[in-house]
Amino acid sequence: MEFHWLLFTFFIFQALIISQISILCTANTKLFREYIGAEFKDVKFSDVPINPNVDFHFILSFAIDYDTSTSPSPTNGKFNVFWDSTNLSPSHVSSIKSKHPNVKVAISLGGYTVGSQFAYFKPSSVRSWVSNAVTSLTSIIKKYNLDGIDIDYEHFQADPQTFSESIGLLIKTLKRNKVISFASIAPYADNEVQRQYLALWNKYGDIIDYVNFQFYAYDKGTTIPQFLSYFNNQSSNYNGGKVLVSFQSDVRRGLTPEDGFFDACNMLKSQQRLHGIFVWSADDSKADGFIYEKQSQEILD
Ligand SMILES: *[C@@H]1O[C@H](CO)[C@@H](O)[C@H](O)[C@H]1NC(C)=O
């Protein structure tokens, strides 16, 4: 008899936890994020329209663990600034944050290229990479008064276990030291990229706050139903994660704002599954006056 009661209580308890978890995962989030600074087109934080009713993250692109010579080489976790730091300096960060209390600023690590070559994730060992990364990033983050990091390596000279341990320990240490308050990852649909990021997610998903999935890396001509099925697939791959939707403001690929991106956002919103929108990138959007940034934030508001 007592055993049955225990079992019964246990099941009720489990049912409560499961319903709590599904409530957590099925809520819209008013989060807008935008990459900035990779293309040296003189874009400033103050150029970008900021809706006071959303949480707004600028993501500086990029900090890379390569040296800054004319033909950059890997530095095993010693990060340098590779974004347009003339227009996006520490004083620009403090000024935009003091004018807009809803703004936070992050840095993205890695990126597609450095100079004219691929930017590789290429650690000598997990321990040495993490140690160098914690030291160099802590100094950059404090100097610029930043709030979070984004992981955007897209080329690898390391196996998924090395990637996952290095990045997992980096995020864990920076959070424990209160250097950052949030972390995101930026995978896209490519076999090797997914193999690396899913290994990281499966071990360290609980300390990763957002998944900036690069939906714009899908083919040109993506339809709304295709987009929604990609969203479903990636939400189940990054199970329990806040998977954000995204578009790119220069090249027309994936599902574009012109072809129904915002209709797809509204559908997800009505299902309580819109966890936020991010854009690549402010550098390119400047030319058209940030019209789609305004629209994105109105949908989230
Ligand atoms: C779903 O994601 C997996 C893992 O990346 C991939 O192998 C598969 O092709 C995807 N399926 C669809 C329909 O996109």
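Counting convention: from 1, in listed order, for ligands and their atoms alike.
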Q | Gln248 versus Asp284, side-chain donor and acceptor atoms under 3.5 Å | A |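 Judged by distance alone, the side chains do not pair up.
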Q. Residues two or more places apart in sequence or in another chain: which of them pass side-chain contact (heavy atoms from CB on, under 4.5 Å) with Arg127?
A.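 With neighbours one apart ignored, the set is Ser125.
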Q: Return the set of residues passing side-chain contact (heavy atoms from CB on, under 4.5 Å) with Lys172 (not counting sequence neighbours), or none when no residue passes.
A: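 Partners of Lys172 by the side-chain contact (heavy atoms from CB on, under 4.5 Å) criterion, ordered by chain and then number, come out as Tyr204, Ile207.
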Q: Calculate, to the nearest 0.5 Å, the distance between atoms CG and OH belonging to Leu198 and Tyr238 respectively.
A: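 Leu198 atom CG to Tyr238 atom OH measures 4.0 Å (nearest 0.5 Å).
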Q) Who are the salt bridge (Lys or Arg N to Asp or Glu O under 4.0 Å) partners of Asp84, not counting sequence neighbours? A)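 Asp84 satisfies salt bridge (Lys or Arg N to Asp or Glu O under 4.0 Å) with no residue once adjacent residues are dropped.
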Q) Hey, which residues fall under 4.0 Å of ligand 1 on heavy atoms? A)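 Correct list: Gln194, Asn233, Asn237.
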Q. Can you find a heavy atom in the side chain of Lys41 that is under 4.5 Å from one in the side chain of Lys286?
A.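 With C-beta onward as the side chain, the pair stays apart.
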